[in-house]
Number of protein chains: 2
Amino acid sequence: MIEKSSVAMPGRWRKPKQARSWVRVNRMLDVAEALFVEQGYAAATTKQIAAEADVPIGTLYQFFPDKAAILEALAERYTNLLIERMQVFETPEMIELPLEDYVKRFTEGIDSFFTESPGYRATFIEINTAMPEVDQAGDDLLMQAYKRILLKLNGAFTDDDCEAIAFVMIKAVGNLVWSASGQPPEFRQRLLLEAEQLSLNYLKSYLPEA
Amino acid sequence: MIEKSSVAMPGRWRKPKQARSWVRVNRMLDVAEALFVEQGYAAATTKQIAAEADVPIGTLYQFFPDKAAILEALAERYTNLLIERMQVFETPEMIELPLEDYVKRFTEGIDSFFTESPGYRATFIEINTAMPEVDQAGDDLLMQAYKRILLKLNGAFTDDDCEAIAFVMIKAVGNLVWSASGQPPEFRQRLLLEAEQLSLNYLKSYLPEA
DNA sequence: TTTCAATGCGAGCTTCATTCATATTTTACT
DNA sequence: AGTAAAATATGAATGAAGCTCGCATTGAAA
């Protein structure tokens, strides 16, 4: 069983210690991301990534123990970005909003993150299948963030409640918005409204006063 | 864009026309399923599958155009099983149940299906990453079933409503129950209750009379 | 300057998935 | 039964991709 850690995973790739290699590593990651978006993870070869990043294959493997580690590094990058994005929703101004508005903004926030980051989709579409631990680690971080939000919304929540509600919101609602982002624009808009309704009705059952 | 079809996918594998090959094909599928559960899709090799099923590698490729087709065949098998399982929820006795009870049974039904079928998890964990079309095809079938259920619950629903609600229930709630099935028993029970609440509150907003 | 760690490099090894030419068995039809 | 066509059987060989390894070069600390 995988122990749930409260810190971000160490990351399986070797971080360069010299400046010149930093730029190469970042180039590899950027190229990899682009190729994963265009062709999918499986179709993109390590040779291709190395070639387009203009580094020899040996150098690629100097920093990434294997192909999957490249994907993990991208996942790490994105998870941090998403968590950063979520911080706005912990601010007092946000927390004091009526629940309706809060939920609406939150849903839209998540959605626009997905929409604006084509690489996110390409990355996590592979991740959640091939590397459940990594996916789990990302979700854990998101759930922690959500738990903090819940406590701010209602200090009386037990830890168990927070745990369960955060799980529901991340897995159910998060997945819904994620799935919606792959749908045609019109239907997607409708689905976002549904996601709001889903969240709102559920949260209301825990926060009746709002 | 992938067109949404209302029929089950043709299936990319060649169905045997002679009895002797049926048993071999089924043996290959059974062995593949077991290996995918034990080692995961990527780790299981076609040679291994062929060897354990006691057929030469050439024979395997006689029926399955590639490794992925084996996985698809398993997905087909399971989707049909799940849809069959869902039919109970379209019967008049079920439909007439109070919404609370209906939702409870439904949630439990889905959950026990996941629990009782270890192969389902192993199969779809690969599917939804590596072969989105297949996953989509399965979800489409489930959504169709759910749309029929919705119409029976309330004949006044528009087609758009049914489409949206079914999408939400399959993607959000389905995914939640799926995720819960990978959690420790105690937490899992709690999550199932949450899944019920989530569904119930959401459906109630569309079916106030219940 | 010396010295060692960090980085650069790419031909070649290994491990799969997949093919193909050929042999055998089953089915359909006379 | 006899025979042609279709279906099935077979496994050595091919090719593609991930990854290794020994050696060369550069950076930085002493």
Side-chain angles (χ1 to χ4, degrees), chain A residues 10-36 38-74 123 126-127 129-131 134, chain B residues 11-29 31-36 38-74 123 126-127 129-131 134:
Chain A
R12 275 175 55 239
W13 53 293
R14 190 162 78 69
K15 317 222 170 182
K17 306 196 173 177
Q18 297 176 7
R20 65 177 161 161
S21 22
W22 258 115
V23 328
R24 303 183 103 195
V25 165
N26 281 326
R27 217 166 46 224
M28 289 188 255
L29 284 175
D30 292 338
V31 166
E33 179 180 343
L35 288 177
F36 291 166
E38 285 168 33
Q39 325 180 334
Y41 173 75
T45 71
T46 52
K47 278 217 174 87
Q48 197 183 9
I49 294 171
E52 296 208 15
D54 203 34
V55 298
I57 186 68
T59 296
L60 188 154
Y61 279 96
Q62 192 81 36
F63 296 96
F64 301 100
D66 51 39
K67 188 183 174 184
I70 303 175
L71 194 62
E72 289 178 42
L74 287 175
T123 302
E126 284 302 325
I127 286 280
T129 288
M131 290 135 48
V134 179
Chain B
R12 273 176 56 238
W13 52 293
R14 190 160 79 70
K15 318 224 168 178
K17 306 195 173 176
Q18 298 176 7
R20 66 176 160 159
S21 22
W22 259 115
V23 328
R24 304 183 102 194
V25 165
N26 281 326
R27 216 165 47 226
M28 288 189 254
L29 284 174
V31 166
E33 178 179 346
L35 288 177
F36 292 165
E38 285 168 32
Q39 324 181 334
Y41 173 75
T45 71
T46 52
K47 277 220 174 83
Q48 198 183 8
I49 295 170
E52 295 207 17
D54 203 34
V55 298
I57 185 65
T59 296
L60 188 153
Y61 280 94
Q62 192 81 39
F63 296 97
F64 301 99
D66 52 39
K67 189 182 174 186
I70 304 175
L71 194 62
E72 290 178 42
L74 287 175
T123 301
E126 284 302 325
I127 286 280
T129 287
M131 290 135 50
V134 179

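Sequence lines set the chain letters: A, B, ... in the order given, protein chains first and strands last, and positions in each chain run from 1. Computed over heavy atoms, backbone and side chain alike; hydrogens, waters and symmetry mates excluded.
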Can you measure [X] atom [atom1] to [N] atom [atom2] for me and round it to whole angstrom units?
X       : N      : atom1 : atom2 : result
A:Ile49 : D:dC19 : CD1   : C1'   : 13 Å
B:Lys15 : D:dA7  : NZ    : C1'   : 17 Å
A:Ile70 : D:dA17 : CD1   : P     : 15 Å
A:Phe63 : C:dA6  : CZ    : P     : 11 Å
A:Leu60 : D:dA17 : CG    : C1'   : 13 Å
B:Phe64 : C:dT19 : CZ    : P     : 15 Å
B:Leu35 : C:dA17 : CG    : P     : 11 Å
B:Trp13 : D:dT8  : CH2   : P     : 12 Å

**OP:** On DNA chain C, check which nucleotide each of A:Pro16 and B:Ala68 is closest to and give me the residue with the more 5' one.
**Re:** A:Pro16

Original post:
Want to settle it: does A:Lys47 or A:Asp54 sit nearer the 5' end of DNA chain C, counting the closest nucleotide to each?
Top reply: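 Closest to the 5' end, via its nearest nucleotide, is A:Asp54.
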
Original post:
Which part of the nucleic acid does A:Ala50 contact within heavy-atom distance under 4.0 Å: base, sugar-phosphate only, or nothing?
Top reply: nothing

Original post:
Hey, does B:Ala69 reach any base, or is it just sugar-phosphate, or nothing, if we go heavy atoms under 4.0 Å?
Top reply: nothing

Enter the distance from [X]:[atom1] to [Y]:[atom2] here, rounded to the nearest 0.5 Å.
X       : Y        : atom1 : atom2 : answer
A:Trp13 : A:Gln62  : CH2   : CD    : 14.5 Å
B:Phe63 : B:Ile70  : CZ    : CD1   : 12.5 Å
B:Glu33 : B:Thr123 : CD    : OG1   : 5.5 Å

Counting only side-chain heavy atoms from C-beta out, which of [options] sits nearest to [X]?
X       : options               : result
B:Ser21 : D:dG11, C:dT18, D:dT8 : D:dT8
B:Thr46 : C:dA17, D:dA12, C:dT7 : C:dA17
B:Lys17 : D:dG18, D:dT8, D:dA12 : D:dT8
A:Arg20 : C:dT19, C:dG8, D:dC19 : C:dG8
B:Gln62 : C:dC9, D:dT10, C:dT18 : D:dT10
B:Ile57 : D:dG18, D:dA12, C:dT7 : D:dA12
A:Gln18 : C:dT18, C:dG8, D:dG27 : D:dG27

Subject >> side chain to side chain contact (heavy atoms under 4.5 Å, CB included) between A:Asp66 and A:Arg12, worked out >> reply: CA-CA 9 Å; A:Asp66 51 39; A:Arg12 275 175 55 239; 2.6 Å; yes

Original post:
If you look at every heavy atom in B:Ala73 and B:Leu29, which pair is closest and at what distance?
Top reply: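 That closest heavy-atom pairing would be CB-CD2, 3.8 Å.
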
Is [X] close enough to [N] that one of its side-chain N or O atoms is under 4.0 Å from OP1 or OP2 there?
X       : N      : answer
A:Tyr61 : D:dC19 : yes
A:Lys67 : D:dG18 : yes
B:Arg24 : D:dA7  : no
B:Arg14 : D:dT8  : yes

**OP:** Would you confirm whether B:Trp22, through its side chain, and B:Pro16, through its main-chain N or O, come within 3.5 Å as a donor-acceptor pair?
**Re:** yes

